[in-house]
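Below: one structure, written as structure tokens.
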Amino acid sequence: MANITKKVSWSSRADESAAAGEGTPLLNGSEQPQHSRQDSLRGRPKEIPHNEKLLSLKYESLDYDNIENQLFLEEERRMSYMGFRCLEISRWVVCGLIGFLTGLIACFIDIVVEQLAGIKYQVVKENIEKFTEAGGLSISLILWAVLNSTFVMMGAIIVAFFEPIAAGSGIPQIKCYLNGVKIPRVVRLKTLVVKVCGVICSVVGGLAVGKEGPMIHSGAVVAAGVSQGRSTSLKRDFKIFEYFRRDTEKRDFVSAGAAAGVSAAFGAPVGGVLFSLEEGASFWNQMLTWRIFFASMISTFTLNFFLSIYHANPGDLSNPGLINFGRFESDSVAYNLYEIPLFIAMGAIGGLLGALFNVLNYWLTIFRIRYVHRPCLQVMEAMLVAAVTATVSFAMIYFSNDCQPLGPEHTEEYPLQLFCADGEYNSMATAFFNTPERSVRSLFHNQPGTYNPLTLGLFTLTYFFLACWTYGLAVSAGVFIPSLLIGAAWGRLCGILLASITSNSSTSAQDSTAIWADPGKYALIGAAAQLGGIVRMTLSLTVIMVEATGNVTYGLPIMLVLMTAKIVGDYFEEGLYDIHIKLQSVPFLHWEAPATSHWLTAREVMSSPVTCLNRVEKVGTIVDVLSNTSTNHNGFPVVVQVSGSDESGKLCGLILRSQLIVLLKHKVFVELARSRLTRRKLQLKDFRDAYPRFPPIQSIHVSQDERECMMDLTEFMNPTPYTVPQETSLPRVFKLFRALGLRHLVVVDDENRVVGLVTRKDLARYHLGKHGLEELQLAQT
């Protein structure tokens, strides 16, 4: 594959990040040879030739492992039984709040989209009806395209110029966060605001997108904010939930937020819990499951309750999620044993189409990385897609002569008559001239015979390419609904074709139409197959589909279809989210080490030599180590020198960069402690207050005299870090690292001397390629 010049896009403006001390370059390309002064100051290359075999060094790990230093142990020992009970209660309170706020956000998005889309479609519909008789329909087309482009332009501008990380669905970023990778700016308040406004604009702008994926990101941001009891963006500290200000707790709450997002989007609380388990959290226990389920339930209930008030029948809790597939009644959806092979075959088709979608989107993303890198270009591309979507939709409706009678119980929201006879409507318009959620519902539930096979075939084809082109634009948008819509269209097509084949071949046409009568069930199976083929989720998606349809009869076929789609799709290409994670060169750790890696040992994997600190270290040395830009280490083993030997000392603890920065900021020097006995002792609260945005070392002033002082690290370091002998095999190291959520794993020899350090990047760079075990290169962006 050709080298592709690339700067990674999951980050913010370069100047902001430099100010915030996070050196994260933005998505940019090779057309800009001029370097700004800032870049040259930072000493980072402006671009790198990018190919698959790179792993970015700019992503840090989260610390899932508690630092059990003396301060921590003293605090834990001081805490009474009641204290621990109160903490447990406050965890439940936080989860309830997360569910409530996520439900409110979902409700807000839903109502605003419904109102704006309603106005837009009403205006265009009146315009089309006016011009159908008078001629001059091109004016209607221009009006539709301009309305679409205007909304999408607003959505793209806020994403491209203000917060690029809010682009897309946000699921790959949340997946990485829960995997233990710190993606810059992913759970900020600004990201949430841009995400919500952006998704409203892109859905109302008629793009082939859904509002479900961004709900998961929104839930995660809400969780990260609520659980910390303060907002660093607004500079407000509410002095609550201070105990939760560390990665361990925050990450548990973020998984609850992601689950609450799924639950609000699909009305599937159990599906939400399973989504968090399958896609996200690496660490799980029973109480966490309960709390996450609680957050999911509250989220669905909140959404339900407020929507019932909005629909003017308060207390009626019948619309649990943003997408409502409608009830599938048991008698209309009965299936027979001989249909199961058909369902499995549909699963295989879904896997193939999903793999095709992912391959096309992969090459498209690479093209975007190369050429569409400036924010203004990204906005223009989004507007182009919006205009093309409107034009294609209009052309399909215009040239379609598929007229259906308007029944007395017609479910069409905006029936377009166009060139049909009075009392009839154009059925292609049901699919295109609608929000995608409504189109999915009509494909599931409309009476047999409401769609012409040609209409469905053309719709599937055009929507497939539109959705593929749309995913990856600089707008907030999910891929769930477009996938369901494509699948529902070709699924319904399969159902119609099966009915027509059997009615021709069987003698008693009456029986066969009874068997194959309902194309709705094939639409459901097709939707599941297509979505499974694109995102490759199995367990959670089965439960989400079962909960969203409100019918457990389909549990088995949906499970079989999703398994088939995953197996077939994985043979050709990875899932969509995994592809996007890989394209960002994120050091993502999968569940297990690569299968053929037993011959590698910790000695071959580790980074060495290691920068160690003494237990009592000179301040000047610490400042120099932290200021060294070539080695941006985050953890330093603390050693004790053996008297009389000049070899490296024996391990006695581990200290983090963030801790050292807090110590320097508070000037915790041995000399000062002796001279000023009244000086307040540093507490854990000081470390929690600095979390999560620790100041960069450049902002801390240390005078020449202070450089000569000494610093005692004994009570701040973690005296019991995890260590492995250098002969340990890679799978064993991997298992320990992954299961405990470590950030640093010290490698020692048989005399407990430090020989190396294993970090996330050392493990993530080994992966199983087409030709066995491959090693990725590390790149400094």
Electrostatic pair Glu75:Arg688 at N-O distance under 4.0 angstrom | yes
From CA spacing to verdict: ring pair (Phe, Tyr, Trp, His ring centres under 6.0 Å), Phe480, Phe266 = CA-CA 10 Å; Phe480 272 94; Phe266 297 98; 5.2 Å; yes
Do Arg536 and Glu574 sit within salt-bridge range, that is, some charged N less than 4.0 Å from a carboxylate O?
-> no
Hey, are Glu249 and Arg246 close enough for a salt bridge, meaning a charged N less than 4.0 Å from a carboxylate O?
-> yes
Compute whether any side-chain donor of one residue and acceptor of the other, for Thr102 and Ser299, lie under 3.5 angstrom apart.
-> no
Pair Arg91 + Glu88: basic N to acidic O under 4.0 Å = yes
Closest heavy-atom pair, Ala106 versus Ala264, reported as atoms and distance to 0.1 Å, is CB-CB, 3.8 Å
Output yes when Lys211 and Glu437 qualify as a salt bridge under the 4.0 Å nitrogen-oxygen rule, no when they do not.
-> yes
State whether a side-chain donor-acceptor pair under 3.5 Å links Asn179 with Arg760.
-> yes
May I ask you to check whether over 12 heavy atoms, not counting those of Lys665, lie within 6.0 Å of atom NZ?
-> no
Any side-chain donor-acceptor pair under 3.5 Å between His580 and Asn361?
-> yes
Are any of the side-chain heavy atoms of Ile534 and Leu576 separated by less than 4.5 Å?
-> yes
Result of checking Trp92, Tyr177, Phe244, Phe241 against Phe253 for ring-ring contact (aromatic ring centres under 6.0 Å, His included) | Phe244
Residue pair Asp252 / Tyr64, side-chain donor-acceptor N/O under 3.5 Å | yes
Ion pair check, Arg245 and Asp689, cut-off under 4.0 Å | yes
